[in-house]
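So the structure is just underneath, and the comments pick up after that.
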Protein chains: 2
Amino acid sequence: MLAKKCLNLYFNMMEDLSPFLENIKRKISLSPDNTELLTSAFRVVKVKRKQMIIQPGFVAKYRIYVLKGAFHSYVIDDKGNQHTIQFAIDDWWLSDYNSYVHQTPATQFVEALENSTVLQIDYQTEQQLKDANWELATLFRLMAEHSAAYLARRIVSNLTQSAEERYNDFVGRYPKVVQRLPQYALASYLNMTREFLSKIRNDKVRKK
Amino acid sequence: MLAKKCLNLYFNMMEDLSPFLENIKRKISLSPDNTELLTSAFRVVKVKRKQMIIQPGFVAKYRIYVLKGAFHSYVIDDKGNQHTIQFAIDDWWLSDYNSYVHQTPATQFVEALENSTVLQIDYQTEQQLKDANWELATLFRLMAEHSAAYLARRIVSNLTQSAEERYNDFVGRYPKVVQRLPQYALASYLNMTREFLSKIRNDKVRKK
DNA sequence: CGTTTTTCTTAAGATAGTTCATCGTTCTGC
DNA sequence: GCAGAACGATGAACTATCTTAAGAAAAACG
């Protein structure tokens with residue numbers, strides 16, 4: 001266990017973890033010891049473009065933080081259509097939450113859209129941290145609460161906005177993300193076809 | 001503080017809390033002391049049909065557990081259309097999560113569909129419990145994780161299923177809920193008009 | 001109860017969004 | 001730097017779902 005911890009530290013030293021630490025600090029202020037404990041529970045992993053890190057049928061073993069890169073998670077429906085469920089670029093968290101939280105087989109693919117570097121923590125390690133340490137348990141609780149609030153906002157947006165409004169909203173909110181995503185992934189995230197998204201974008205240009 | 005606690009106990013004794021305790025037990029096994037601590041943090045409240053317990057513009061002060069009754073939460077969009085975001089009948093939890101978690105003004109109405117009895121805990125009391133008590137903090141973390149997983153499943157369903165599939169799915173999953181809801185609320189929850197839901201139901205009958 | 005209000009059904013016309021098929025463009029891996 | 005694959009744009013035909021409107025049924029409430 002100590003050996004593993006040291007090994008992780010060694011690997012983690014190769015990467016700049018400051019964005020990760022900043023991200024955590026925005027949620028909770030950890031003691032130096034706990035920061036250290038948390039950091040050494042994660043492993044740096046390099047992922048090649050198009051590589052899957054979660055696949056349907058397998059239990060999602062990791063919670064993932066993207067240090068650098070881009071991912072999307074998607075499902076394939078009965079008719080073979082791909083539907084993007086989540087994105088994540090630098091500084092975002094990602095998993096198949098339903099699978100990870102309940103440790104049941106995943107229904108989503110999680111695929112790298114670029115060559116990426118991530119931090120991952122496995123389920124059991126996370127449980128141990130939460131069982132052993134108050135501050136870290138609080139951190140993970142805050143993350144879950146924020147996720148739930150975020151997902152609730154997304155449901156509202158899906159229920160109340162038209163395709164064009166959803167697109168404008170997304171562009172306004174995450175302009176940097178839009179530029180790094182393939183349009184087909186964004187279209188399906190926004191619950192429309194790629195063709196229709198293309199039309200929306202084009203109508204906008206013409207209006208100007 | 002002690003007085004308030006005794007008062008709550010007194011009120012709570014008037015109601016059968018066993019479904020609530022069962023609901024908690026399914027998530028985590030609490031010590032008798034903590035069960036007692038948790039229970040006395042909630043207040044029993046009676047709510048009349050059509051009464052609002054959360055309204056846009058006001059911060060959602062309470063997390064709510066429905067002992068008996070039915071609620072829906074909804075937003076009103078720019079065109080004046082009502083969109084149901086959540087339901088809750090006996091034994092379900094409910095709030096405007098985004099407002100409650102971040103303590104920002106709500107965007108949702110939460111309205112009783114029947115005369116109901118609920119348990120409510122206010123934000124500050126919940127924070128105190130979580131700060132003071134490991135087991136209770138864990139309980140609230142599990143609740144948040146389960147909410148997030150549930151919301152994620154709902155997003156997937158909205159992205160991948162047709163109106164008719166969403167309806168069939170819901171009926172299969174929550175047959176008891178369907179019977180207690182007005183159709184207009186269910187329709188907007190499933191992201192369709194009441195007229196279209198009516199058509200779907202009717203087409204089904206004819207096919208038989 | 002009977003009346004008033006709310007909810008549900010039906011149907012025709014309208015539209016947002018899809019499907020399909022094609023073509024030009026841009027990546028990507030070697 | 002090239003060949004092949006992946007991606008994006010476009011237009012025409014199509015369809016799932018919405019809108020509007022009006023009557024029927026059901027529920028609420030004095």
Side-chain angles (χ1 to χ4, degrees), chain A residues 47-51 69-70 72 74 77-84 87 109 111-116 157-171 178-208, chain B residues 47-51 69-70 72 74 77-84 87 111-116 157-171 178-207:
Chain A
V47 184
K48 283 244 169 85
R49 189 182 130 87
K50 303 241 162 170
Q51 192 182 322
H72 72 324
Y74 61 90
D77 69 18
D78 309 334
K79 289 166 213 136
N81 296 317
Q82 182 176 316
H83 301 270
T84 294
F87 292 123
F109 296 86
E111 180 190 29
L113 292 166
E114 309 173 355
N115 294 333
S116 306
S157 146
N158 268 303
L159 287 177
T160 56
Q161 296 183 300
S162 70
E164 187 166 359
E165 285 166 340
R166 293 196 299 278
Y167 172 71
N168 291 334
D169 210 66
F170 190 91
V171 172
V178 175
Q179 303 185 344
R180 282 170 68 180
L181 295 178
Q183 256 179 61
Y184 71 88
L186 178 55
S188 76
Y189 178 90
L190 295 173
N191 207 5
M192 65 186 88
T193 56
R194 53 194 96 184
E195 292 91 340
F196 197 64
L197 176 56
S198 183
K199 183 179 185 312
I200 287 173
R201 289 165 57 103
N202 219 277
D203 288 355
K204 274 189 90 157
V205 173
R206 276 189 205 153
K207 274 182 197 161
K208 280 181 186 168
Chain B
V47 184
K48 284 245 169 83
R49 190 182 130 84
K50 303 239 164 174
Q51 193 182 321
H72 73 324
Y74 61 90
D77 70 19
D78 309 334
K79 288 165 214 138
N81 297 318
Q82 181 177 316
H83 301 269
T84 294
F87 292 123
E111 180 191 30
L113 293 165
E114 308 172 356
N115 294 334
S116 306
S157 146
N158 269 308
L159 287 177
T160 57
Q161 295 183 300
S162 70
E164 187 168 358
E165 286 166 341
R166 292 195 300 277
Y167 171 71
N168 290 334
D169 210 67
F170 191 90
V171 172
V178 175
Q179 303 185 345
R180 283 169 69 180
L181 295 176
Q183 257 180 59
Y184 72 87
L186 178 55
S188 75
Y189 178 89
L190 296 173
N191 206 5
M192 65 186 87
T193 58
R194 55 194 93 185
E195 293 89 345
F196 196 64
L197 176 57
S198 185
K199 182 180 187 309
I200 287 173
R201 287 165 58 102
N202 220 277
D203 288 354
K204 271 188 93 157
V205 174
R206 276 190 205 152
K207 273 181 198 163

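Chain letters run A, B, ... following the sequence lines, proteins first, then strands; residues in each count from 1.
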In this structure, how many angstroms lie between the P atom of C:dT7 and the CZ atom of B:Arg180, rounded? 17 Å
In whole Å, I'd like the distance from the CZ atom of A:Arg194 to the P atom of D:dG11. 19 Å
Salt bridge (Lys or Arg N to Asp or Glu O under 4.0 Å) filter on B:Asp77, not counting sequence neighbours, yields none
Please encode protein proximity along nucleotides 13-30 of chain D as a string of B, S and -, counting only heavy-atom distances under 4.0 Å. ----BSBBB------S--
Which whole-number value in Å describes the distance from A:Leu186 CG to D:dA9 P? 12 Å
Could you tell me the separation between the CG atom of A:Leu181 and the C1' atom of D:dA6, rounded to a whole number of Å? 16 Å
Can you check the A:Tyr167 OH to D:dG8 C1' distance for me, whole Å? 13 Å
Across all chains, not counting sequence neighbours, the salt bridge (Lys or Arg N to Asp or Glu O under 4.0 Å) partners of A:Glu114 are A:Arg180
B:Asp169: partners by side-chain hydrogen bond (donor to acceptor under 3.5 Å, both in side chains), with sequence neighbours left out: B:Arg173
A:Phe109: ring pair (Phe, Tyr, Trp, His ring centres under 6.0 Å) partners, not counting sequence neighbours: A:Tyr74
I need the A:Glu111 CD to A:Lys50 NZ distance, nearest 0.5 Å. 6.5 Å
Qualifying residues under side-chain contact (heavy atoms from CB on, under 4.5 Å), relative to B:Lys48, sequence neighbours excluded: B:Gln51, B:Asn115
Gap between atoms CG and P, on A:Leu197 and D:dA9 respectively (whole Å): 8 Å
side-chain N/O A:Gln183 vs D:dA9 OP1/OP2, d < 4.0 Å: yes
Rounded interatomic separation in angstrom, taking CG from B:Leu159 and C1' from C:dG17: 15 Å
How bent is the helix from C:dC1-D:dG30 to C:dC30-D:dG1, measuring the angle between the end axes built from five pairs each, rounded to 10°? 80°
Which pairs of donor and acceptor atoms, one on a side chain in residues 185-193 of chain B, lie under 3.5 Å apart (sequence neighbours left out)?
unit_1, atom_1, unit_2, atom_2, d
B:Ser188, OG, B:Thr84, N, 2.8
B:Ser188, OG, B:Thr84, OG1, 3.0
B:Ser188, OG, B:Ala185, O, 3.3
B:Tyr189, OH, B:Tyr150, OH, 3.2
B:Tyr189, OH, B:Arg154, NE, 3.4
B:Thr193, OG1, B:Phe196, N, 3.2

What residues, two or more places apart in sequence or in another chain, satisfy side-chain hydrogen bond (donor to acceptor under 3.5 Å, both in side chains) together with A:Gln161? A:Ser157
Can you tell me how far NE2 of B:His83 sits from NE2 of B:His72, rounded to the nearest 0.5 angstrom? 12.0 Å
